[in-house]
Amino acid sequence: MTKHKDCYGTIFHDSLHFSDNRKMRGKVFEFELSSAGLARTNRSVSFDVTEWDDCQKCPEFEHCYKLCMAKLTLETAISKD
């Protein structure tokens, strides 16, 4: 089995498990879903360009990015109500 860096596969935060009104941070990207009571009031996404640059220098970037996108695609598919 290949040993990967601790950050492998963490470019995005898990989109299935999150808390409202709190930043959910992956290595590069973060999001926040704001709500007041039952209503969603805002959504925001941001990124850390320094971490992105660090990722792109990594020899495992291509494989890590593909894994992150596959995870995000599956999370999106199963989160549909």
Side-chain angles (χ1 to χ4, degrees):
M1 181 166 191
T2 303
K3 175 70 176 140
H4 299 284
K5 293 172 65 173
D6 289 341
C7 57
Y8 188 79
T10 66
I11 291 173
F12 306 109
H13 186 279
D14 172 4
S15 66
L16 296 177
H17 304 98
F18 57 86
S19 300
D20 284 339
N21 303 317
R22 200 172 124 215
K23 291 186 182 200
M24 301 288 108
R25 180 162 173 64
K27 183 175 188 318
V28 176
F29 295 93
E30 73 181 22
F31 66 90
E32 183 171 5
L33 305 175
S34 302
S35 57
L38 298 176
R40 177 114 24 236
T41 57
N42 195 22
R43 296 177 179 140
S44 64
V45 173
S46 59
F47 65 95
D48 184 328
V49 73
T50 302
E51 290 293 347
W52 180 250
D53 290 343
D54 182 59
C55 285
Q56 291 204 322
K57 292 175 190 169
C58 179
E60 293 188 298
F61 174 73
E62 292 298 323
H63 293 273
C64 179
Y65 182 76
K66 287 177 184 177
L67 174 63
C68 291
M69 292 305 296
K71 283 174 38 183
L72 185 60
T73 301
L74 182 57
E75 289 170 0
T76 300
I78 66 173
S79 70
K80 303 281 186 201
D81 292 352

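The number of heavy atoms from other shown groups lying within 6.0 Å of OH (Y8) is above 12. Other residues, nucleotides and ligands place more than 12 heavy atoms under 6.0 Å from the CZ atom of F31. Residue D53 qualifies as enclosed at atom CG: its count of foreign heavy atoms under 6.0 Å is above 12. Heavy-atom neighbours of H4 NE2 from other residues, nucleotides or ligands within 6.0 Å: above the threshold of 12.
Across all non-hydrogen atoms, the minimal contact from R25 to D48 is NH2-OD2, 3.2 Å. Between N21 and S34 the shortest heavy-atom distance is OD1-CA, 3.1 Å.
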Practice task
List the steps and the verdict of side-chain contact (heavy atoms from CB on, under 4.5 Å) for M24 and L33.
Solution key: CA-CA 9 Å; M24 301 288 108; L33 305 175; over 6 Å; no

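Cluster annotation: V28 is connected to F61 through the hydrophobic network of ILVMFWY side chains, with a link wherever side-chain heavy atoms come within less than 4.5 Å. Cluster membership for Y65 and V49, using ILVMFWY side-chain heavy atoms within less than 4.5 angstrom, is shared. There is no path of hydrophobic side-chain contacts, each under 4.5 Å, that joins F18 to I78. L74 and L67 end up in different hydrophobic clusters when Ile, Leu, Val, Met, Phe, Trp and Tyr side chains are linked at under 4.5 Å. Placement of I11 and M69 within a single hydrophobic cluster is found when ILVMFWY residues are connected by side-chain heavy-atom separations under 4.5 Å, directly or transitively.
Remark: C64 SG to E60 CD distance equals 7.5 Å, nearest 0.5 Å.
Side chains of E51 and F29 form no contact here, defined as non-hydrogen atoms less than 4.5 Å apart. A 4.5 Å side-chain heavy-atom check between F12 and K71 finds every atom pair outside the cut-off. K27 is not listed as a side-chain neighbour of K5, based on a closest heavy-atom distance of 4.5 Å or more.
For the residue pair E32 / S44, no side-chain donor-acceptor distance below 3.5 Å is found, with atom types taken as modelled.
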